[in-house]
Enquirer: 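What follows is a single structure, and I will ask about it in a moment.
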Amino acid sequence: MLTTAIIREKRDYIIERLRIKGFDATALTGIILNSDVERRNLMTLSESLQAEINRTSKQIGAMMKEGNKAEAAELKEATRIKKEEIKRLEASLSEATAVMNEALLKLPNIPDETVPPGKGPDENLLVREWGEIPSLPDNARPHWELIKDYGIIDFDLGVKITGAGFPLYRGKGASLQRALISFFIAEGIKAGYEEVIPPVLVNEASAFGTGQLPDKDGMMYGTKTDNLYLIPTAEVPLTNIYRDTILNEGDLPVKLVSYTPCFRREAGSWGSDVRGLNRLHQFDKVEIVQITSPGLSYQALEEMAGHTGRLIEKLGLPYRVMLLCGGDMSFTSAKTYDFEVYSAAQQKWLEVSSVSNFESFQSNRLKCRYRKEGSRETSLAHTLNGSALALPRIVAALLENNQRDGEIIIPEPLVPYTGFTTLKPGKE
RNA sequence: GGAGAAAUGGCAGAGUGGUCGAAUGCGGCGGUCUUGAAAACCGUUGUCCGGGAGACUGGACCGGGGGUUCGAAUCCCUCUUUCUCCGCCA
């Protein structure tokens, strides 16, 4: 959510920049500015009435002490009338506030200067490519066949127990999963992130704070009786740690790393995109989050992108980094890098991480502020997050790219965590 | 799940209808003293919103929401959370 202050100051700039997200902000910003003026007028009126009432109340108190009841009664009547007036003013005020907030919630974040224009994925900018696309043997197979042959991930059992999109990992498949999580967490800790295990169910206030509510409740699983939501990403509980919080500048940057399962309802199935591990309702992800001062957030974005890239490199998977164009960015993001690994058998680039700077868009909602060193003033902090990494597509690429004749090679950095160096077909 | 108690500033903890944004202590910050530090002493120390170039000024906030009253931290209703006891339980 943008602040009204910035809309007041830079309306034209906002309208111009939001064009590259394909969004016309003229009407919304107009509504916001109008109701903002209206609000402040109403506030001034009702507060000055309240000030009069407060003064009068003290007078009445003094009169009662002196036993001057007749005069007190007169003042009481005057107060009664003012109170009615205040009630009317406040009704208009809350209406104006509702109009303003509704408009504010519909306004997306402003893309950073470096974000290219564009409508969709085709216009994203390739910023880096790493690794060689492996040439696989003729009998190479996509991961959804490999997992069956190797007996490591069972979709049918997931269907039996829960439903489609909830795979069951077993044997070395389960160990591999756990090894990846441990590896990613350990690397995060090495890079200075604090490990957190948060709740995976969150309340409405948290879902609102990071922007899943009110609009995107369709993406989350909810527990009707308790009004809780299963998290679609660790970003939700992690960033909400700092909801309604004032940090000291010296405590910044806050750097967190966290493994959680993630739950997404998503829409339906889109053909071959959803095969195997490509798109799931429940998946594992290690997430990194940073909270920084505004001056340092883009430096932090690059640092996080660097961290994510190094993880993929250590696993030896070819990948590319895309700078998302305006039209492909999320509502809340100011700048996003997507990381895609190449899954050699299905011959597809798979998104395994999305690293974003939200600037103060989330922190304004969350009321996450910080106090500058030696100052009493508070300002909104900047929030960032990224996956480091989402597991299923990493596993897909790893299985496909590393298949050899009759075995799949585990990348070396992972071996200390798996305890084995290869996967073999059949039940082990 | 049942019964009872409680929720006040960074923390501890007073305050049961008026001058209370709130005593006091601790902590924090600034100063005096000191070669330096400690101790002692003095001062200062919440957040949000509005108005103002600013000095400053108005309003709101004592777990959340609502109510009574001229006036609420204080009374009433409701929700949430915490603690104690009982039950159940990895």
Side-chain angles (χ1 to χ4, degrees), chain A residues 1-9 32-101 103-104 197-209 213 223-229 237 240-252 254 261 291 360 362-381:
Chain A
M1 188 164 78
L2 297 175
T3 61
T4 48
I6 195 166
I7 296 168
R8 247 180 271 159
E9 281 162 32
I32 291 163
L33 291 183
N34 284 339
S35 38
D36 181 45
V37 169
E38 195 187 339
R39 279 185 73 240
R40 284 184 291 155
N41 287 338
L42 289 166
M43 246 184 234
T44 308
L45 288 174
S46 101
E47 282 178 7
S48 64
L49 277 177
Q50 186 62 52
E52 284 175 33
I53 291 175
N54 288 347
R55 272 196 298 275
T56 309
S57 289
K58 285 182 185 171
Q59 284 174 24
I60 292 173
M63 286 171 185
M64 301 294 269
K65 244 176 216 169
E66 292 164 13
N68 196 346
K69 285 198 177 151
E71 219 175 320
E74 234 172 85
L75 289 180
K76 281 188 195 180
E77 175 59 15
T79 301
R80 197 185 57 79
I81 292 166
K82 284 176 190 161
K83 276 183 78 173
E84 274 173 16
E85 180 61 17
I86 288 182
K87 232 179 205 168
R88 273 193 293 275
L89 290 169
E90 301 226 300
S92 318
L93 177 65
S94 64
E95 202 176 307
T97 306
V99 169
M100 186 178 82
N101 283 340
L104 276 171
I197 301 180
V200 297
L201 272 83
V202 296
N203 57 30
E204 284 180 314
S206 295
F208 181 85
L213 292 180
T223 60
K224 293 174 210 97
T225 42
D226 299 291
N227 265 321
L228 298 174
Y229 296 89
N240 271 285
I241 295 172
Y242 296 95
R243 170 154 47 89
D244 293 319
T245 298
I246 299 174
L247 293 152
N248 291 317
E249 191 172 22
D251 297 332
L252 301 177
V254 170
I291 297 176
S360 60
Q362 271 185 338
S363 56
N364 185 35
R365 268 187 181 218
L366 289 161
K367 301 215 177 60
C368 170
R369 292 154 299 180
Y370 77 103
R371 200 187 309 274
K372 285 196 188 90
E373 215 68 63
S375 160
R376 200 175 287 175
E377 214 183 310
T378 62
S379 3
L380 292 171

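Residue numbers start from 1 in every chain, and the chains themselves are labelled A, B, ... in the order their sequence lines are given, proteins ahead of strands. Everything numeric in this text was worked out from a predicted model, so none of it was measured.
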Enquirer: What nucleotide among B:G71, B:G50, B:C70 has an atom nearest to a side-chain atom of A:K83?
Expert: B:G71
Enquirer: Just N and O in the side chain of A:R40: are any of them under 4.0 Å from OP1 or OP2 of B:G51?
Expert: yes
Enquirer: Pull out every stem in RNA chain B, meaning runs of 3 or more consecutive Watson-Crick or G-U wobble pairs with both distances under 3.5 Å.
Expert: B:1-7 with B:80-86, B:10-12 with B:24-26, B:27-32 with B:40-45, B:46-51 with B:56-61, B:63-67 with B:75-79
Enquirer: Side chain of A:R369: nearest nucleotide among B:G50, B:C70, B:U47?
Expert: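 Nearest nucleotide to the side chain: B:U47.
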Enquirer: Rounded to whole angstrom, note down the C1' distance from B:U34 over to B:C41.
Expert: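 It works out to 14 Å between them.
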Enquirer: What contact category does A:T56 fall into here, base, sugar-phosphate, or nothing, at under 4.0 angstrom with non-hydrogen atoms?
Expert: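 Nothing, no nucleic acid heavy atom in range.
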Enquirer: Side chains of A:E71 and A:N68: do they bring a donor and an acceptor to under 3.5 Å?
Expert: yes
Enquirer: Give me the distance, rounded to whole Å, that separates B:G13 from B:A73 when you measure between the C1' atoms they each carry.
Expert: 14 Å
Enquirer: Given 3.5 Å as the limit, does a donor-acceptor pair link the side chain of A:T56 with the main chain of A:N54, or not?
Expert: no
Enquirer: Rounded to whole Å, please give me the gap between CE in A:M100 and P in B:C49.
Expert: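 It is 11 Å, rounded to the nearest whole Å.
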Enquirer: How far apart are the closest heavy atoms of A:C368 and A:L247, and which atoms are they?
Expert: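 Result for this residue pair: SG-CD1, 4.2 Å.
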Enquirer: Rounding to the closest angstrom, what is the interatomic distance between B:G10 and B:A6 at atom P?
Expert: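 24 Å, rounded to whole Å.
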Enquirer: How would you label the contact of A:T378 with the nucleic acid (heavy atoms, under 4.0 Å): base, sugar-phosphate, or nothing?
Expert: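 Sugar-phosphate: the residue A:T378, judged by heavy atoms under 4.0 Å, touches backbone atoms but no base.
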Enquirer: What is the distance from CD of A:E52 to P of B:G71, rounded to the nearest Å?
Expert: 15 Å
Enquirer: Any side-chain N or O of A:R371 less than 4.0 Å from the OP1 or OP2 oxygen of B:U47?
Expert: yes
Enquirer: Rounded to whole angstrom units, what separation is found between the CG atom of A:N203 and the C1' atom of B:G64?
Expert: 13 Å
Enquirer: Between CG of A:L45 and CD of A:E85, what distance do you get to the nearest 0.5 Å?
Expert: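 Reported value, rounded in 0.5 Å steps: 8.0 Å.
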Enquirer: Verify the distance criterion only: is there a donor paired with an acceptor across the side chains of A:R39 and A:T97 at less than 3.5 Å?
Expert: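 The criterion, which ignores hydrogens and geometry beyond distance, is satisfied for A:T97 and A:R39.
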Enquirer: Name the pairs: protein N/O against N/O of nucleotides 55-58 of chain B, kept only if under 3.5 Å.
Expert:
unit_1, atom_1, unit_2, atom_2, d
B:G58, N2, A:E47, OE1, 2.8

Enquirer: Looking only at atom C1', what distance separates B:U74 and B:G17, rounded to whole Å?
Expert: 7 Å
Enquirer: If you measure from the Lys or Arg side-chain nitrogens to the Asp or Glu carboxylate oxygens, is any gap between A:E52 and A:K82 under 4.0 Å?
Expert: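 Salt bridge: yes.
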Enquirer: Is a side-chain N or O of A:N364 found less than 3.5 angstrom from the main chain of A:M1, in a donor-acceptor match?
Expert: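 Yes; judged by distance alone, with no hydrogens or angles, the pair exists.
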Enquirer: Within this structure, what is the CE-to-C1' distance between A:M64 and B:U69, rounded to whole angstrom?
Expert: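 It works out to 11 Å between those atoms.
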Enquirer: Distance from A:D244 atom CG to A:L366 atom CG, nearest 0.5 Å?
Expert: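 The CG atom of A:D244 sits 8.0 Å away from the CG atom of A:L366.
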Enquirer: Run the salt-bridge test on A:E77 and A:R80 with the 4.0 Å N-O cut-off and return the result as yes or no.
Expert: yes
Enquirer: I'd like the P distance from B:G15 over to B:G87, given in whole Å.
Expert: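 35 Å, rounded to whole Å.
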Enquirer: Classify the side-chain pair A:R243/A:S206 by whether it contains a donor and acceptor separated by less than 3.5 Å.
Expert: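 Distance-only check passes for A:R243 and A:S206.
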Enquirer: Would you say A:K367 reaches B:U47's phosphate, i.e. side-chain N/O to OP1/OP2 under 4.0 Å?
Expert: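 Answer is no, no contact under 4.0 Å.
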Enquirer: Using the P atom as the point on both nucleotides, what is the distance between B:G21 and B:A60, in whole Å?
Expert: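 Going atom to atom, P in each nucleotide, I get 10 Å.
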Enquirer: Count the heavy atoms of every other residue, nucleotide or ligand shown that sit under 6.0 Å from CD of A:E95, and state whether that count exceeds 12.
Expert: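 No, not enclosed.
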Enquirer: Taking for each residue the nucleotide of RNA chain B bearing the nearest heavy atom, is the 5' side occupied by A:T4 or by A:K76?
Expert: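 The answer here is A:T4.
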Enquirer: Can you check the A:I60 CD1 to B:A72 P distance for me, whole Å?
Expert: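 It works out to 12 Å between those atoms.
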Enquirer: Tell me the interatomic distance from A:I86, atom CD1, to B:C70, atom P, rounded to whole angstroms.
Expert: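 Answer to the nearest Å: 14 Å.
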Enquirer: If I pick the P atom on B:A37 and the same atom on B:U44, what distance separates them, to the nearest angstrom?
Expert: 23 Å
Enquirer: Determine the Euclidean distance between corresponding P atoms of B:G71 and B:C61; express it in Å to zero decimal places.
Expert: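 Going atom to atom, P in each nucleotide, I get 13 Å.
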Enquirer: From CD1 of A:I53 over to P of B:A60, roughly how many Å is that when rounded to an integer?
Expert: 10 Å
Enquirer: Between P on B:U80 and CG on A:D244, what's the gap in Å once rounded to a whole number?
Expert: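 Rounding to the nearest Å, CG of A:D244 and P of B:U80 are 20 Å apart.
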